Amino acid sequence: MKYPDNILELGTLLPDYMGFIFWEKSARYFDGIIPELPKSIKKTGVFVNESVATIVQKVELHDLQAVQLHGKESVAFCAELKKSLLNHIEIIKVFSILDTFDFAVLEPFESVCDYFLFDTKGKLPGGNGTTFDWKVLEKYPSSKPFFLSGGIGLEEMDAVHEILKTNLPVHAIDVNSKFEIEPGLKNISFCRDALQCVSTFNDPQ
Ligand SMILES: O=C(O)c1ccccc1N[C@@H]1O[C@H](COP(=O)(O)O)[C@@H](O)[C@H]1O
């Protein structure tokens with residue numbers, strides 16, 4: 001999200017999280033002031049290999065409730081960040097998947113982050129707009145809840161429904177470029193359709 005009016009309009013749909021990209025090379029780079037949003041929406045800062053000091057500064061400046069680490073942040077880095085954020089900010093550690101994934105790498109991160117996020121490996125650290133084969137997640141060995149991400153659009157809603165029927169601990173569905181008019185400007189009507197669609201998932205067939 002980048003533009004105040006668009007941020008406020010999306011806010012009326014009450015998503016659980018709203019993301020702001022603090023990676024300067026992104027076309028979605030956010031350098032504004034986040035307008036007042038409903039308190040239930042967790043404002044999430046997305047960072048790529050940023051320093052602890054910068055992340056803490058952005059958390060304080062924008063009153064963020066979650067940080068998404070979208071680079072090669074180490075276990076030690078996540079631990080230091082967790083300590084600096086006094087445990088009250090959610091830490092979401094991203095792992096990028098192509099065709100296969102060695103889930104053993106997750107184990108040391110279990111205690112230093114609150115959620116994992118699985119995105120698709122691509123040219124950019126994130127926002128590549130491509131999906132990975134979610135079958136890879138059948139081997140997910142952990143009970144830690146995760147965000148499912150990477151190129152999710154309205155066309156993926158049936159597949160999203162299917163994955164939510166499994167025992168996988170999917171915490172949230174993370175959408176980005178497939179819901180945009182241009183980078184950082186969300187298509188509100190697409191977002192409304194997706195939320196409407198998700199709200200029917202528990203309806204009896
Ligand atoms: O979107 C970006 O520009 C971006 C840049 C650097 C790190 C992460 C970024 N976006 C995140 O990428 C995922 C997947 O996005 P997409 O659906 O494939 O477009 C999502 O978490 C974005 O927040």
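In listed order, ligands and their atoms are each counted from 1. All residue numbers in this chain count up from 1 along the given sequence. Quick caveat: nothing in here was measured; it's all calculated off a predicted structure.
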Short N/O distance, under 3.5 Å, between [X] and ligand 1?
{"X": "P125", "result": "no"}
{"X": "G129", "result": "yes"}
{"X": "G151", "result": "yes"}

Quick check on G150 - does any of its heavy atoms sit under 4.0 Å from an atom of ligand 1? yes
Under 4.0 angstrom from ligand 1, any heavy atom of D119? yes
Residue and atom name of the nearest protein heavy atom (relative to [atom]), distance in Å to one decimal:
{"atom": "atom 14 (C) of ligand 1", "value": "S149 OG, 3.3 Å"}
{"atom": "atom 10 (N) of ligand 1", "value": "G127 N, 3.4 Å"}
{"atom": "atom 2 (C) of ligand 1", "value": "R28 NH1, 3.2 Å"}
{"atom": "atom 15 (O) of ligand 1", "value": "N176 ND2, 3.2 Å"}
{"atom": "atom 3 (O) of ligand 1", "value": "S26 OG, 2.6 Å"}
{"atom": "atom 6 (C) of ligand 1", "value": "W23 CE3, 3.6 Å"}

Ligand 1 versus [X]: contacting region, heavy-atom distance under 4.0 Å:
{"X": "N128", "answer": "backbone"}
{"X": "V94", "answer": "neither"}
{"X": "L124", "answer": "neither"}
{"X": "Q68", "answer": "side chain"}

In terms of side-chain geometry, is the basic nitrogen of K82 or D114 positioned less than 4.0 Å from the acidic oxygen of its partner? yes
Could you check whether E90 and Y17, counting side-chain N and O atoms only, form a donor-acceptor pair closer than 3.5 Å? yes
Check whether the ring centres of F116 and F95 lie less than 6.0 Å apart, and answer yes or no. yes
